[in-house]
Amino acid sequence: MPAKIITVMSPKGGVGKTTVSVNIAAALSVLGNRVLIVDANLETPHVAVYYGLVGYKYSLEDVLNGKIGIVNAIYKTDFPGLSILPSRVFKDKGDGNAKYKLINLFYHLNRISEDFDFIILDSKPSSSVDFLRFVKNVNTLLVSMPEIASIIEAKKLDYESRASGVNVLGLVLNRVNKKVKGAMSEDEIKKVLEIEKIWEVPDDLNVFEALKAGTPIVFQNKRSPASKGFNEIAKDLLSI
Ligand SMILES: Nc1ncnc2c1ncn2[C@@H]1O[C@H](COP(=O)(O)OP(=O)(O)OP(=O)(O)O)[C@@H](O)[C@H]1O
Ligand SMILES: [Mg+2]
């Protein structure tokens with residue numbers, strides 16, 4: 001069976017796409033799945049950093065530029081069942097052309113789709129789903145923080161995704177802190193954003209610690225509030 005593909009997206013930068021991507025990929029692997037995480041954010045790629053992976057030879061840029069086949073740029077992590085296709089943080093000559101070829105990503109992924117149960121794509125901040133437009137059976141998870149500007153942008157992306165035939169699984173409301181006055185509640189968000197499913201991930205200082213350790217928090221601190229949030233999402237994703 002081909003892998004289920006989930007793209008993690010938000011129009012706003014810095015809301016937690018990479019944190020969500022690396023942790024749901026990790027949580028899905030703990031649940032016994034073969035998972036590939038792809039760093040499709042070619043501009044500010046941090047997936048490898050979040051896994052503490054350094055010194056890899058090939059990257060997504062090489063695949064998109066036709067230098068190598070996709071299997072050569074997939075690296076097994078130290079965690080069973082979890083592999084990564086990184087993008088290059090410090091670009092080589094010619095890497096810049098890769099972003100124009102991102103539309104071909106799914107052609108490359110088709111070649112290895114049977115080798116995984118889930119493929120998680122981290123992405124750059126964007127309101128556009130152009131690179132998903134011709135892809136069948138692709139799912140997205142929207143990510144937002146509980147503040148109005150981020151929610152309004154998520155609404156635009158939700159609309160654009162559905163209009164393009166992309167299946168929106170729901171919204172990950174990240175960095176929820178009930179003590180912060182002025183943060184939007186789930187009910188208020190549901191009024192703006194007509195979305196079936198909202199998962200909450202708490203604002204959790206342990207996330208920074210895990211980042212410093214180069215280990216997803218679901219491995220590094222299993223009982224932390226954020227880990228519980230990520231594990232809940234992963235469990236729900238099993239049934240898509
Ligand atoms: N639930 C959380 N609790 C505390 N800190 C968090 C949480 N989620 C993310 N962060 C922190 O917020 C910052 C931005 O997160 P992240 O890099 O995942 O965002 P992003 O949306 O991928 O950013 P970009 O748009 O640059 O790709 C990081 O320092 C991360 O550690
Ligand atoms: Mg990111």
Side-chain angles (χ1 to χ4, degrees), residues 6-28 36-53 59-61 84-91 98-99 102 105 119-129 131 140-147 149-158 161 169-180 183-184 186 189 198-234:
I6 301 169
T7 312
V8 178
M9 298 190 78
S10 77
K12 292 268 268 180
V15 296
K17 292 175 295 303
T18 306
T19 307
V20 170
S21 302
V22 301
N23 280 290
I24 60 166
L28 283 166
L36 173 66
I37 178 161
V38 179
D39 198 341
N41 178 351
L42 295 168
E43 287 169 29
T44 47
H46 299 138
V47 171
V49 177
Y50 279 37
Y51 283 116
L53 182 72
S59 71
L60 180 59
E61 284 87 350
I84 166 170
L85 171 44
S87 174
R88 234 188 307 272
V89 180
F90 300 104
K91 303 294 181 197
K99 61 174 176 275
L102 201 56
L105 174 61
I119 298 178
I120 309 295
L121 304 185
D122 187 18
S123 64
K124 68 170 186 175
S126 175
S127 309
S128 160
V129 288
F131 82 112
T140 59
L141 272 181
L142 306 179
V143 183
S144 174
M145 300 212 302
E147 46 94 14
S150 181
I151 295 294
I152 287 173
E153 291 308 315
K155 184 178 172 78
K156 288 191 328 206
L157 181 57
D158 179 44
S161 303
L169 298 169
L171 173 77
V172 179
L173 195 58
N174 190 32
R175 306 196 70 166
V176 173
N177 182 344
K178 308 271 187 214
K179 288 185 192 147
V180 172
M184 291 177 83
E186 203 175 309
I189 289 166
I198 297 182
W199 293 273
E200 290 194 3
V201 177
D203 194 24
D204 183 349
L205 283 176
N206 297 302
V207 169
F208 286 106
E209 231 173 276
L211 180 54
K212 196 171 175 197
T215 309
I217 191 164
V218 295
F219 293 135
Q220 206 245 3
N221 189 339
K222 295 188 180 88
R223 286 156 182 247
S224 65
S227 291
K228 287 185 186 154
F230 292 127
N231 284 322
E232 281 302 311
I233 302 172

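Just follow the structure's listing: the first ligand is 1, and inside any ligand the first atom is 1. Bear in mind that the values here come from a model prediction, so they are computed numbers and not experimental data. Count residues from 1 along the sequence.
Summarising the geometry of D39 relative to V47, their closest heavy-atom pair is OD2-N, 3.0 Å, with the distance given to 0.1 Å.
Ion pair E61/K91 flagged as a salt bridge, since at least one NZ, NE, NH1 or NH2 atom sits closer than 4.0 Å to an Asp/Glu carboxylate oxygen. By the 4.0 Å N-to-carboxylate-O rule, E153 lies close enough to K156 to be salt-bridged with it.
Sorted by chain and number, the protein atoms of type N, O or S within less than 2.8 Å of the Mg ion (ligand 2) are T18 OG1.
In this structure, Y51 contributes its side chain and P216 its backbone to no donor-acceptor pair below 3.5 Å.
Residues T18 and D122 have side chains that bring a donor and an acceptor to within less than 3.5 angstrom of each other. A donor atom on one side chain and an acceptor atom on the other are not found under 3.5 Å apart for S161 and D158. No side-chain donor from either of S150 and K12 sits under 3.5 Å from a side-chain acceptor of the other.
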Listed pairs under 3.5 Å, donor-acceptor, residues 170-179 side chains, sequence neighbours left out:
residue : atom : partner : partner atom : Å
N174    : ND2  : V15     : O            : 2.9
R175    : NE   : D203    : OD1          : 2.9
R175    : NH2  : D203    : OD1          : 3.2
N177    : OD1  : K179    : N            : 2.9
K178    : NZ   : E200    : OE1          : 2.9

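Every residue two or more places apart in sequence or in another chain that forms a side-chain contact (heavy atoms from CB on, under 4.5 Å) with P202 is listed here: P225.
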Short N or O separations between ligand 1 and the protein, below 3.5 Å:
residue  : atom   : partner : partner atom : Å
ligand 1 : 1 (N)  : N174    : OD1          : 3.0
ligand 1 : 1 (N)  : P202    : O            : 3.0
ligand 1 : 3 (N)  : D203    : OD1          : 3.3
ligand 1 : 3 (N)  : D204    : N            : 2.9
ligand 1 : 3 (N)  : D204    : O            : 3.4
ligand 1 : 8 (N)  : N174    : ND2          : 2.9
ligand 1 : 12 (O) : R175    : NH1          : 3.2
ligand 1 : 17 (O) : Y50     : OH           : 2.5
ligand 1 : 18 (O) : T18     : N            : 3.4
ligand 1 : 18 (O) : T19     : N            : 2.8
ligand 1 : 18 (O) : T19     : OG1          : 2.6
ligand 1 : 19 (O) : G16     : N            : 3.1
ligand 1 : 21 (O) : G14     : N            : 3.4
ligand 1 : 21 (O) : V15     : N            : 3.1
ligand 1 : 21 (O) : G16     : N            : 2.9
ligand 1 : 21 (O) : K17     : N            : 2.9
ligand 1 : 21 (O) : K17     : NZ           : 2.7
ligand 1 : 22 (O) : K17     : N            : 3.4
ligand 1 : 22 (O) : T18     : N            : 2.9
ligand 1 : 22 (O) : T18     : OG1          : 2.8
ligand 1 : 23 (O) : G14     : N            : 3.1
ligand 1 : 25 (O) : G14     : N            : 2.9
ligand 1 : 25 (O) : K17     : NZ           : 2.8
ligand 1 : 27 (O) : N41     : ND2          : 3.4

